[in-house]
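So you know, we letter chains A, B, ... as the sequences are listed, proteins then strands, and number each from 1. Values in this document were obtained by computation on a predicted structure and should not be read as measured data.
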Amino acid sequence: MASAERIGIRSDRDILLARQRGRELGRSVGFVATDLTLIATAISELARNIVLYAREGVIELRVVTEDSHRGLVIVARDHGPGIVDVNRAMQDGYSTSGGLGLGLPGVKRLMDGFEIHSRAGRGTTVQIAKWLRT
Amino acid sequence: MDVPVLKQGPFLIATVQSALTDADLAQMRRLLIEQVGKFRSRGVIVDVTAVDVLDSYACRTLRDIAHMTGFRGAATVIVGIHPELAFTMVQLGLSLEGVATALDLEEGLAYLNARTRPTIARGNSPRNSAGPPRNGTHTRGKR
Ligand SMILES: Nc1ncnc2c1ncn2[C@@H]1O[C@H](COP(=O)(O)OP(=O)(O)OP(=O)(O)O)[C@@H](O)[C@H]1O
Ligand SMILES: [Mg+2]
């Protein structure tokens, strides 16, 4: 299996595909079942945000090795409307779509690394990482 | 992909497959609400044993199903949330507050039987679908 993948996100089918690919790649890296579920769920949330708010974007999955750490890095990128107030979007319960407002803050709790960059009118990039426990 | 819904006596059993799109989930919700009315079901079991991910959207759909069928006089119980899913849901901050859950299908059926038996035994019960909320399914979770 390739150690990097890029999945175009346009519909709810793509959300499914992205999380399945993430699970497969994660398994090949050696993540345990619980971590695979965390990873798939995080991808599901980010991919749904793309479909919902930006209409389209991509999810990139990459196996990385840093020092003696191995892990999975996931980047969700779109050129949609962006987020005006990122700090607010990161708060539990904040939603502009009548959702639970748990996607972004929840994903941060699920993963080991979380970075978000967003500019109004430009788009949003969320990069998350999960490291293998040794 | 369709969610098979099985009618078993006064109950409906929906078995959710591993990978469902948002549209599939919405379709399942529609079908269950419709069938509860059609068959005058007293209870609904949603079996998520095979489900790979219960994210915020899926969780919201399950809560909607429980609340909507509740308003139609049927109790809903979610069964088969395996440990990985439960762990992930807690981390994500998701809750099934106000929704009954049981370990597996067998326990789900036992739960529904226990809830519906007294009324069946009494025969013609005065309860109707607009009756008072019964324990559990009507307590709306905070959003
Ligand atoms: N890719 C994106 N582009 C533009 N806005 C976004 C994007 N992702 C998130 N947002 C904004 O941030 C808010 C919070 O996102 P978050 O995923 O936490 O919650 P939600 O999508 O509203 O609800 P939930 O994910 O719980 O169903 C969204 O309501 C939306 O306004
Ligand atoms: Mg979201």
On a heavy-atom basis, which atom in B:Glu84 and which in A:Thr37 lie closest, and how many Å separate them?
CB-OG1, 3.6 Å
Would you name the heavy atoms of B:Gly93 and A:Leu102 that are closest together and state the gap between them?
O-CD1, 3.3 Å
Quick check against the 3.5 Å criterion: does A:Arg48 have a side-chain atom that pairs as donor or acceptor with the backbone of B:Ser56?
no
Which atoms of [X] come close to chain B, meaning under 4.5 Å heavy atom to heavy atom: side chain ones, backbone ones, both, or neither?
X        : answer
A:Arg109 : both
A:Leu38  : both
A:Ile15  : side chain

Out of A:Ser95, A:Ser11, A:Gly106, return the one with the most heavy atom pairs under 4.5 angstrom to chain B.
A:Gly106
Of the listed residues (A:Leu110, A:Val107, A:Leu36), which shares the most heavy-atom pairs with chain B below a 4.5 Å separation?
A:Leu110
Please examine the side chains of A:Glu45 and B:Leu92, heavy atoms only from C-beta on, and report whether any two atoms are closer than 4.5 Å.
yes
Are any non-hydrogen side-chain atoms of A:Arg19 and B:Asp55 less than 4.5 angstrom apart?
yes
Out of curiosity, [X] [atom1] to [Y] [atom2], how far, rounded to the nearest 0.5 Å?
X       : Y       : atom1 : atom2 : result
A:Ser44 : B:Leu54 : OG    : CG    : 10.0 Å
B:Phe87 : A:Asp35 : CZ    : CG    : 8.0 Å
B:Asp22 : A:Asp12 : CG    : CG    : 5.0 Å

Could you check B:Arg63 against A:Leu100 for side chain to side chain contact (heavy atoms under 4.5 Å, CB included), going step by step and ending with a plain yes or no?
CA-CA 12 Å; B:Arg63 269 161 47 167; A:Leu100 297 174; 3.8 Å; yes
If Ile, Leu, Val, Met, Phe, Trp and Tyr residues are connected whenever their side-chain heavy atoms lie under 4.5 Å apart, and connections chain through other members, are [X] and [Y] in the same group?
X        : Y        : answer
A:Trp131 : A:Val29  : no
B:Leu85  : A:Leu16  : no
B:Leu6   : B:Tyr111 : yes
A:Phe114 : A:Val73  : no
B:Leu31  : B:Val51  : yes

